[in-house]
Peer 1: 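First, the structure itself, so that you have it in front of you.
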Amino acid sequence: MAKDYLRQSALAHLHLAALGVDDPDGAGVVLCERPFRGQLSLRGNSADHEFVEGVQGVLGVGAPLDPNTVNVAGNITVLWLGPNEWLIVTPDGQETELVERISDALAGQHFAVSDVSDSRAIIGLTGIHARDVLMKGCSLDLHPRAFNAGSCAQSSLARCHVLLHQINEIPTYDIYVHRSFSDYAWRWLEDAAREYGFAIINQSAIDVVTQRSTRKESPVSA
Amino acid sequence: MNNKPSKYSIVSLVRNALNYHQNWQEAWRSPEPKKEYDVIIVGAGGHGLATAYYLAKEHGVTDIAVLEKGWLGGGNTGRNTTIIRSNYLWDESAAIYEHALKLYEGLSQELNYNIMLSQRGVLNLAHNLHDLRELSRRVNAIRLNGVDSEILTTEQVKAMVPIMNTSPHSRYPVLGASLQRRGGTARHDAVAWGFARGADARGVDIIQNCEVTGIKRNGAGVEGVQTSRGFIKAKKIGVVAAGHSSVLADMVGLRLPIESHPLQALVSEPIKPVLDTVVMSAAVHVYVSQSDKGELVIGAGIDSYNSYAQRGSFQVVQHQIGALLELFPIFSRLRMLRQWGGIVDVCPDASPIISKTPIKGLYFNCGWGTGGFKTTPGSGWVFAHTIAQDRPHRLNEPYNLERFSTAYLIDEHGAAAVAH
Amino acid sequence: MSQQTYRLAVGGHIDRTRPLSFDFNGKRYGGYVGDTLASALLANGVHLVGRSYKYHRPRGVLSAGSEEPNALVQHGTGGATDPNFRATQVELYDELVAASQNCWPSVSFDLGAVNSLFSRVLPAGFYYKTFMWPKAFWKYYEYVIRRAAGLGRAPDAPDPAYYDNMHVHCEVLVVGGGVTGLAAALSAARADARVILADEQCEFGGGLLGAGEQIDGMSTDEWVAQAVAELASMKQVTLLPRSTVIGYFDHNFLTIAERIQDHLGPMGTPDKARQRLWKVRAKQVVLATGAHERPMVFKNNDRPGIMLASAAQTYVNRFAVKPGNNVVFFTNNDSAYGAALTLAEAGIKVAAVLDVRAQPTGRLATKVRDRGIEILGRHAIAAAMGKKRVSAVEVMMLNESADRLIGTARKIACDLVCMSAGWSPAVHLFSQSRGKLKYDANRSCFVPGDSVQAERSAGAANGTFSLAACIVEGHEAGLAAATDAGYNKNASVPKAPVRQEIEEAPVDPLWLVPAKAGEHTNKHFVDFQNDVTAADVVLAAREGYRSVEHLKRYTTMGMGTDQGKTSNVNALAIFGQVLGSDIPDVGTTTFRPPYTPVTFGVLVGRDVGELADPVRRTPMHQWHESKGAKFEDVGQWRRPWYYPLPGESMQDAVNRECLATRKAIGILDASTLGKIDIRGPHAAEFLDRIYTNGWKKLAIGRCRYGVMCGEDGMVFDDGVTARLGENHYWMTTTTGNAARVLAWLEEWLQTEWPELKVYCNSMTEHWATASVAGPLARKLVAKLTSDIDFDPDNFPFMSCREGAVAGIPARVFRISFTGELSFEINVRSSCGRALWNTLMTVGEQYGITPFGTEAMHVLRAEKGFIIAGQETDGTVTPIDLGLEPMVSKRKDFIGKRSLSRPDTQREDRKQLVGLLPVDAREVLPEGSQIVEKVDDKPPVPMIGHVTSSYYSAYLERSIALALIKRGRSRHGETVQVPLEDKVVPAKISAPQFYDPEGVRING
Amino acid sequence: MLLIKCPWCGDRDEHEFSYGGEAHIVRPRDPEKLTDDQWADYLFMRKNPKGAHLERWVHAHGCRRWFNVERDTVTHAITAVYKMNEKPPRSSKT
Ligand SMILES: Cc1cc2nc3c(=O)[nH]c(=O)nc-3n(C[C@H](O)[C@H](O)[C@H](O)COP(=O)(O)OP(=O)(O)OC[C@H]3O[C@@H](n4cnc5c(N)ncnc54)[C@H](O)[C@@H]3O)c2cc1C
Ligand SMILES: NC(=O)c1ccc[n+]([C@@H]2O[C@H](COP(=O)([O-])OP(=O)(O)OC[C@H]3O[C@@H](n4cnc5c(N)ncnc54)[C@H](O)[C@@H]3O)[C@@H](O)[C@H]2O)c1
Ligand SMILES: Cc1cc2nc3c(=O)[nH]c(=O)nc-3n(C[C@H](O)[C@H](O)[C@H](O)COP(=O)(O)O)c2cc1C
Ligand SMILES: [Zn+2]
């Protein structure tokens, strides 16, 4: 792992840290970059017990087998991407070791695990109008009747491909977007959020804020 | 039989005005089909009607029926963006498209029907270095083939179309363009109607609401067609059914390298003239001109899937209008009046098939896809020759069916991307 | 400011506490919040609003809604001006500015009206018959015709507004918020379905807003308010006023254009979008779109002051405006009697009601008669008098079969004519959904037939015209829709409302008032906007244009901005009469989106300007920007093209970049190259099938160049692939094809070869790549690396190693696209910038120079390396490129069979060669065509073209690559390249100009 | 805009998918043994029917899986969706 000072997040050039606040009082939409997480691409045959158990053994949680769902155990999150494809998200710095542990556990099987931590930037989005902002560019049915905390889906947001993960019922989302598109995605989100009033939050504060908020239905997405 | 039609002119208009236009003759008759014809043309689009017209005029074949399942000119001929040009890359294409353009240049007079040919110039824009390279390759080839074509700089484009956004900061900067000054537009309906009137006057029976439902074979040849109005015998059958070509081919067990796709167009509300040139951008899939009635006529890309629905999907239009507004920001507040679709017959090499078939007396003219309005007279002219002589004209020889086996393809994808 | 002399003292939905002033044709007028521009003009006694398209006839307000063909205005100014706005839909705001269009110098005195004098020589389609001689004159004719084209003006500056899009899903979309739609929405929402209710007007209520009736003992206003309040209180309901459902597409996808701020004019908030497009995916749709009243077709029926009966009623009830003082009604059905009562109660003198039917018997008719108003059975208006405002009508008897006017004409003075020729259900969206219409002869209208999509029509849209029945039908439709969408199967419909039903007598169609003896129907307007008269319809039929679609196109009937909402049915009925066909046999023309015109801006939403299309950035992008790089677009990427220093031309910069690379070190951001991780026991077999060459024998840690073809044998992409492990490969692709190649691999794996155990993953974005090239490259990387042995024997050309470069874990490939010793260093994207910075800093001592794509192109061309998409264009085989040694004879691969077809085997195919202009300073333009010799007359046979061409600073001469027929056997021959102003001779050579032996690759 | 049911992800908008043309065109086992005409048939000739069409789609912006669809080319109604290794619905003629 390279030293921290050698690393730059996907949106570093926007200097979000300098613009971020801790308390986005009154903003209908709150955005932040969630830089630096370990991300692994895992491929394997979900119909094969050995594979499924091998993964479970290493992660302490199984790779979700239901489409568009997420399994979480401790600080590991596993998102379903396809019937033989998952994204494993870990705290920063654990990815290399995890690749090795999975490779060891599955040795001899047909599988693929690769470190893709820097493939996707992650944008955190929350606030009572968070869903409305997404609806402006995403054709998924994100209404609580169809999409909830614990749901994930790949789709497009405006003109880029995204992986959406709904974290809680505020709702708060993690938006995974390919790194080279992240500048566009961020600008698009800011523009789409403008009518609701938006704030950039410090990434350290977003979890605090989202825990504090109570659930409110926004008018349009009802 | 010859039906001498009343001649159209300002004089005849004034004369007819005196008695409130009670005496105009039918532009074409609506005859009952006979039991038998020398030649049956399937499809009364522009190409089918032109074929019949030139068969009668150039080859003395007049015992012809043109069978049309709907109303004449109601296929792609009646729904295209009317762009006419001949600036194609390959020699084979340049020859046939230029032949067509030349015929167009005298067509109003020849048909005594004003097709409103408007040679206001066609611009093809380049937005990146790759476009620019391809553009200059095309312009050089076109000129060596004796067709007019020139390259314009960004400044020259701006001077010609001042309302265009030529800022280098545009998402689709205009790095240059090719211009064919003789290119332009013609009134699509008038082309069909003029040929229909001309063919009818030479004795051709145009039979509408008559769908061909089967082609009867007779050994190695053809015997006639089954239609919604009964069986009609014919010595020769020329199929010019555009989007429906595969359906007709299927009737005799022929397979074609054709897929039918929706292609859309739309018009804005009419506004006072702001755009006097045809502007095309293959890279961003926008084609726009302003008609003599004032509406902006805008072409889109094809939908990816096969379809006979005569309509396309919304996102195609949305995407294309996005590009349009980047090029013409002042159009943002103008309004779309109507959108529609056609069924285009797309060939793998984006070039047509004008060919004999393995079945004697059966000929196909299809595969014009997104860009055959501009060849209507030329296509009819060579197809008439092919049918009358039972061999292709030099101009359509390369456009045979065998080329898919020999690989002698005429790949006009660059010119066509979606070409109009 | 002019007084609102036609404003009623009480009533209406206008807010009298909020007066507004506005400007029409330069004059100031007053109105109120709640007015439309049309109602405010009428309140001020202004009936002359515009001019028609062809004859420039004076026109007024026909309707009170979106079907308006006549009252079109130019709204606003500057960049925010809108042509062709319907005054009947423009909500009044303070300081609104509008003007008549298509007239000069003024609407009242319009010179274009001379056309009207010639109208007899200008029948339908006249332009097809003339302007042909002399041939050369057409362009002058066209010039004049074009000057006359169009209605309003386009803005002359970019749009200051911004627009929005929104996707939404619901169980039930209810279109139309009249009584039917409100009832449907209530029932569906009570069943807990997610409901969207959209109506194009600013308030819900639809026809009820103008009606003044009673439901369940409440006034209609109270009923509407109650319904809206209940809907607003339910969180599963989205209410969308000012929202027109414009399109009904496949699979219940509908689009709604919401006008968020148009009614605020320039006072809107800049943070909000002007308009928003809702893209709805509905499980079920209820179409409650109401019906349009039809005008009567009689002589001069287009005069200002002649309007639809229901419109007049709406102006009185909803806007508290008297559209006139003295009115004549002309109807063939009972609904106009309701309007007559309304007008009479408002104090307007009803001079007479003319009814086509001999004995109008409905209860409303009786009520009218009871008020002492004269009802003239079997009477018609023979003609209207007055030019800029109707002043009187000439009234005559109809004969029994209503095809002749008989008796003596009687003149009735009036300043308003209200007409009703029956109702046409608004079946537009139903038809767009592909439903087929059926003709209902009893009600004389087309009604929806069977549904094709998950949709149902209700209320007036379904041909149900009585209020009580509309409510019941609405509730039923709403509940059925919710049920079908899976909601609350046992809810029930409220009982029918209590309301005294008004008996109606059946409508008796009269499609065309016959012309008086000796006259013609050439002033009987059918399509007002396009000036299509009954005579034009007759002419089209006479001339053989016998399909309704020919009628439409020959006369332009229904092609105006109103799309014939009020005129189409009249026109086709008249057409049917001429042809002797029944109306259902004549059929309608095709209904197409949008229902009413919609701005291009809202279709696009926020995808404009910098958001028009993503610009992809590499991790080093900002560095390039800060160094003043010029960029080029490659797909969506923006790559550095060259890095000019102050005062440098492009050529200077490229020369410097090339020389630095050849002589010291150049550095290129190669992050955009596609990188695909390929793993599995069958990975080698898979590559064997994809690439033309073999892969099984490649040693671990080594790299190989590969070319892939489509099944047609034409080169599709190329790149270097490395073997990282026994079952593990790393493929690189060109920048532009990265996504396509991955999709291509997946397609073959999943669809054709599912038995192959291979996984492909895109790694393009995870890795940043810096390519350092040049004789000093090894020095630099070795200096920054301690755990890789850079000794040429241990790290040979075409191999790869892992280690830390500049303290960053890296994958280093020793491959070369420049012909120099070169290393491609891949690190995690987050470290890309740090790697680059370090290379630049440490490389300074070696003269490291960043180079862009242009220099890269020069350097590779000097070596004769191709670029897919530049040397290839989809018609070039690997053999044409001279890559025959790479085309395996032993195995099959995609496209192999195509290489042995007659044309791909042809001897005179174009082959890749080098081309050296005889004059070494002459750089051939790329795309130049190559000929044997220049004839003075076209066509000149072409033997090939220039694919790449540059000035090579290193070779101090121009070089080019070209595809030339039989080129490989022609090295040494001279060919001609004709340019705009001269012909350049050039010599064919091998396509390698620099270091053909490949020594430099070792540094 | 079509609504396509990905066999894994369920109903999604058309724009998430890419079209792959006619389904069940099997790549010839030994292309070298084919005549030019037979090869051309595989490469270019298509049924292009008016009516029921068996075709391939890939959920490009979703789970990246290919699958088959039976769709009417006139009404665009989708009558079946089935995975790559599954058989077409019996109703359709292949
Ligand atoms: C939206 C759009 C925009 C376009 N823009 C341009 C452009 O700008 N420039 C350009 O050059 N080209 C353009 N084209 C292409 C051009 O319209 C066509 O290539 C050309 O009109 C084809 O003419 P046609 O006579 O062959 O076909 P059509 O006009 O389609 O005629 C074929 C006829 O065959 C009939 N038919 C089919 N089956 C049967 C049957 N079984 N029995 C009887 N009759 C049958 C059909 O009803 C139809 O009338 C465009 C096409 C579309 C759809
Ligand atoms: N007596 C008669 O002959 C007669 C005829 C017609 C209507 N009516 C009366 O009219 C009422 C009919 O009620 P209803 O609710 O069926 O119709 P309505 O006309 O009251 O309501 C229809 C609503 O749909 C809206 N609309 C239409 N197309 C739309 C679109 N594409 N997008 C958004 N909104 C759109 C209109 O603005 C209108 O508000 C009843 O009161 C009935 O008695 C009577
Ligand atoms: C060049 C051109 C110009 C057109 N202009 C108009 C127009 O001004 N108004 C209009 O309503 N339709 C216009 N149309 C569209 C036609 O109304 C119609 O949609 C098209 O011919 C396809 O037929 P369909 O919609 O009946 O299927 C135009 C079509 C073309 C090809
Ligand atoms: Zn899926």
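Residue numbers begin at 1 in each chain, while the letters A, B, ... track the order of the sequences. Just so you know, these numbers use all the heavy atoms, side chains as well, and skip hydrogens, waters and symmetry mates. This one's a predicted model, so the numbers in the text were calculated from it and none came from an experiment.
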Peer 1: Is C:Arg542 reaching over with its side chain to a backbone N or O of B:His21, donor-acceptor style, under 3.5 angstrom?
Peer 2: yes
Peer 1: Between B:Arg171 and C:Ala612, is there a donor-acceptor pair closer than 3.5 Å when you use the side chain of the first and the backbone of the second?
Peer 2: no
Peer 1: Side chain, backbone, both or neither: which part of C:Phe85 has a non-hydrogen atom closer than 4.5 Å to chain B?
Peer 2: both
Peer 1: Short question: side chain of C:Arg592, backbone of B:Arg338 - any donor-acceptor pair under 3.5 Å?
Peer 2: no
Peer 1: What pair of heavy atoms forms the shortest contact from C:His550 to B:Trp193, and how long is it?
Peer 2: CD2-NE1, 3.7 Å
Peer 1: Using every non-hydrogen atom in the two residues, find where B:Gln109 and C:Met132 come nearest and quote the distance to one decimal.
Peer 2: NE2-O, 2.8 Å
Peer 1: Does B:Gln25 reach the main-chain N or O of C:Glu543 with its side chain, forming a donor-acceptor pair under 3.5 Å?
Peer 2: no
Peer 1: Short question: side chain of B:Asp292, backbone of C:Ala149 - any donor-acceptor pair under 3.5 Å?
Peer 2: no
Peer 1: Does the side chain of C:Arg546 come within less than 4.5 Å of B:Glu26's, by heavy atoms?
Peer 2: yes
Peer 1: Measure the shortest side-chain to side-chain distance between C:Phe126 and B:Asn114 over non-hydrogen atoms and say whether it is less than 4.5 angstrom.
Peer 2: no
Peer 1: Verify the distance criterion only: is there a donor paired with an acceptor across the side chains of C:Tyr128 and B:Asp189 at less than 3.5 Å?
Peer 2: no
Peer 1: Under a 3.5 Å distance rule, please check whether B:Ser332 uses its side chain to pair with a backbone N or O of C:Pro158 as donor and acceptor.
Peer 2: no
Peer 1: Are C:Pro939 and B:Val147 close enough that some pair of their side-chain heavy atoms sits under 4.5 Å apart?
Peer 2: no
Peer 1: Checking B:Ser313 against chain C: side chain, backbone, both or neither under 4.5 Å from a heavy atom?
Peer 2: neither
Peer 1: Are C:Arg146 and B:Gln290 packed together at the side-chain level, in the sense that at least one heavy-atom pair is separated by less than 4.5 angstrom?
Peer 2: yes
Peer 1: Inspect the contact between C:Asp250 and B:Arg311 and indicate whether a charged nitrogen and a carboxylate oxygen are less than 4.0 angstrom apart.
Peer 2: yes
Peer 1: Please determine, among C:Val615, C:Asp607, C:Asp156, the option with the most heavy-atom pairs under 4.5 Å with chain B.
Peer 2: C:Val615
Peer 1: Is it the backbone or the side chain of C:Thr590 that comes under 4.5 Å from a heavy atom of chain B, or both, or neither?
Peer 2: both
Peer 1: Less than 6.0 angstrom separating the ring centers of B:Trp340 and C:Phe591, yes or no?
Peer 2: no
Peer 1: Under 4.5 Å from any heavy atom of chain B, what part of C:Glu926 do you find: side chain, backbone, both or neither?
Peer 2: both
Peer 1: What part of C:Lys139 gets closer than 4.5 Å to chain B, counting heavy atoms only: side chain, backbone, both or neither?
Peer 2: neither
Peer 1: Specify which of C:Glu632, C:Arg434, C:Arg638, C:Met559 makes the most heavy-atom pairs with chain B at under 4.5 Å.
Peer 2: C:Arg434
Peer 1: So do the side chains of C:Pro597 and B:Leu337 get within less than 4.5 Å of each other, counting heavy atoms only?
Peer 2: yes
Peer 1: Measure C:Pro614 against the heavy atoms of chain B and call it side chain, backbone, both or neither at under 4.5 Å.
Peer 2: backbone
Peer 1: If I measure from the heavy atoms of chain C, does B:Ala309 come under 4.5 Å with its side chain, its backbone, both, or neither?
Peer 2: both
Peer 1: What are the two closest heavy atoms between C:Ala154 and B:Val274, and how far apart are they?
Peer 2: CB-CG1, 4.0 Å
Peer 1: Could you tell me whether the side chain of B:Gln318 reaches within less than 4.5 Å of the side chain of C:Asn165, counting heavy atoms only?
Peer 2: yes
Peer 1: Measure C:Gln275 against the heavy atoms of chain B and call it side chain, backbone, both or neither at under 4.5 Å.
Peer 2: neither
Peer 1: Using 0.5 Å steps for rounding, measure from the CD atom of C:Gln929 to the CD1 atom of B:Ile142.
Peer 2: 9.5 Å
Peer 1: Taking the side chain from C:Lys135 and the backbone from B:Glu105, do they hold a donor-acceptor pair closer than 3.5 Å?
Peer 2: yes
Peer 1: Non-hydrogen atoms of chain B under 4.5 Å away: do they reach the side chain of C:Tyr595, the backbone, both or neither?
Peer 2: neither
Peer 1: Who among C:Phe118, C:Phe253, C:Tyr554 has the most heavy-atom pairs with chain B under 4.5 Å?
Peer 2: C:Tyr554
Peer 1: Check each atom of C:Thr561 against the heavy atoms of chain B and say whether the ones under 4.5 Å are side chain, backbone, both or neither.
Peer 2: both
Peer 1: Heavy-atom cut-off 4.5 Å, strictly under: side chain, backbone, both or neither for C:Tyr141 against chain B?
Peer 2: neither
Peer 1: Looking at side-chain heavy atoms only, is the closest gap between C:Phe131 and B:Met116 below 4.5 Å?
Peer 2: no
Peer 1: In terms of heavy-atom pairs under 4.5 Å with chain B, which of C:Pro594, C:Ala157, C:Gly125 leads?
Peer 2: C:Pro594
Peer 1: Measure distances from B:Tyr172 to the heavy atoms of chain C and classify the residue's part below 4.5 Å as side chain, backbone, both or neither.
Peer 2: side chain
Peer 1: Can you tell which part of C:Leu611 gets under 4.5 Å to a heavy atom of chain B, answering side chain, backbone, both or neither?
Peer 2: neither
Peer 1: Looking at B:Tyr20 and C:Asn522, what are the two nearest heavy atoms and their distance?
Peer 2: CE2-ND2, 3.4 Å
Peer 1: At their closest point, which heavy atom of B:Leu144 faces which heavy atom of C:Pro978, and how far apart are they?
Peer 2: CD2-CG, 3.9 Å
Peer 1: Taking side chain as everything from C-beta outward and backbone as N, CA, C, O, which of these in C:Leu603 sits under 4.5 Å from a heavy atom of chain B? Side chain, backbone, both or neither.
Peer 2: both
Peer 1: Which answer fits B:Asn112, side chain, backbone, both or neither, if we ask what part of it has an atom under 4.5 Å from a heavy atom of chain C?
Peer 2: both
Peer 1: Contact between C:Val598 and B:Arg335 at the side-chain level, heavy atoms closer than 4.5 Å - yes or no?
Peer 2: no
Peer 1: Measure across C:Gly927 and B:Asn140 and return the closest heavy-atom pair with its distance rounded to 0.1 Å.
Peer 2: O-ND2, 3.0 Å
Peer 1: Quick check for you: to the nearest 0.5 Å, what is the distance between C:Trp138 atom CH2 and B:Leu117 atom CG?
Peer 2: 9.0 Å
Peer 1: Using the side chain to side chain contact (heavy atoms under 4.5 Å, CB included) rule, take C:Met942 and B:Asp91 through it: C-alpha gap first, then chi angles, then the decisive distance, then the call.
Peer 2: CA-CA 9 Å; C:Met942 289 163 259; B:Asp91 302 353; 3.6 Å; yes
Peer 1: So, B:His169 side chain and C:Glu610 main chain: donor-acceptor pair closer than 3.5 Å or not?
Peer 2: no
Peer 1: Do B:Phe314 and C:Phe249 make the cut of ring centroids closer than 6.0 angstrom?
Peer 2: yes
Peer 1: Pick one of side chain, backbone, both or neither for C:Ala148, based on which atoms fall under 4.5 Å of a heavy atom in chain B.
Peer 2: backbone
Peer 1: Counting N and O atoms only, with roles assigned by atom type, does the side chain of B:His130 sit under 3.5 Å from a partner on the main chain of C:Gly869, one being a donor and the other an acceptor?
Peer 2: yes
Peer 1: Could you tell me which portion of B:Ser405 (side chain, backbone, both or neither) has an atom closer than 4.5 angstrom to a non-hydrogen atom of chain C?
Peer 2: backbone
Peer 1: Assess whether side chain to side chain contact (heavy atoms under 4.5 Å, CB included) is satisfied between C:Leu151 and B:Glu269, documenting all intermediate values.
Peer 2: CA-CA 8 Å; C:Leu151 292 168; B:Glu269 294 184 313; over 6 Å; no
Peer 1: Could you check whether any side-chain N or O of B:Lys272 sits under 3.5 Å from a backbone N or O of C:Gly150, counting only pairs where one atom can act as donor and the other as acceptor?
Peer 2: yes
